[in-house]
Amino acid sequence: MELQKYLDHFKHRYPFLFIDRLIEVVPGQSCRALKNVSMNEKVFVGHFPDRPLMPGVLFIEMMAQASIMIFASEHNYLDAQHGVLAHVDKVKFLKTASPGDQLIIDVSLDGKFGKLAKFKGTVSCDGAVMAKGSFTVSLPRNPAGRS
Amino acid sequence: MQQLEQEIKELIIERLNLEGMSADEIESDAPLFGEGLGLDSIDSLELVLGIEKKYGVKIQDEELGRQVLSSVASLAEFIAKKRG
């Protein structure tokens, strides 16, 4: 599948789509994606009016959205695009992101059981890790498909 | 089998961060989920990954997984059988 096709199938939209470009997707294994932080981000209206900073919780959402891409092309997970966060574990926020930053999101699968899949991920900028941690996503499955 | 059950109890406590709990407090035949130890679906994924890492035994089928994860005794039996 062409990389941009994944985004076409993706259900998240403005103002809650935090992936601008897919760099690499290895189905069932890993995903590398890119997010450009713009002064026009809706979140900067409130966080903060005098100093625009990307909230740490959105780093988690970026990693979760990238993880969903790993399963978006799999037959048994046709509804994976509606995946939601189920658990967040040991996430660290090491640096803040602001307008102009180009973020690279890397996630890889740790393992899955049933509809739950656990991942490790990082968000980095200019080679420096800004956030890292583990998280679990619940991936709704096609009723006809079983993992 | 008793040794394996003891190891599994320690793995459950460590992997699921059940702080303040000792292996002796987990009964081998008691249900791990629901009314027993009170584990949830997120815990089941953690346990499946922990068992795979420690024993090299994969639990992929969800139905089978539910049966295997029902108690420490059923987990020990499954792991012992898989390891031959």
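Letters A, B, ... mirror the listed sequences (proteins, then strands); counts begin at 1. We use all heavy atoms of the structure for the numbers below, so side chains are in, but hydrogens, waters and symmetry mates are not.
Within a 6.0 Å sphere centred on CZ of Arg15(B), heavy atoms belonging to other residues, nucleotides or ligands number more than 12. Other residues, nucleotides and ligands place no more than 12 heavy atoms under 6.0 Å from the CZ atom of Arg51(A). When the shell of 6.0 Å around CD of Glu10(B) is examined, it contains more than 12 heavy atoms from other residues, nucleotides or ligands. Residue-environment remark: CD (Glu77(B)) stays at or below the threshold of 12 foreign heavy atoms within 6.0 Å.
Heavy-atom distances place the side chain of Glu46(B), and not its backbone, under 4.5 Å from chain A. Looking at Leu49(B), the atoms closer than 4.5 Å to chain A (heavy atoms on both sides) all sit in the side chain, from C-beta outward.
Minimum interatomic distance between Leu45(B) and Thr136(A) (heavy atoms only, all atoms of both residues): CD2-CG2, 3.6 Å.
Between Leu69(B) and Phe113(A), some side-chain heavy-atom pair lies under the 4.5 Å cut-off.
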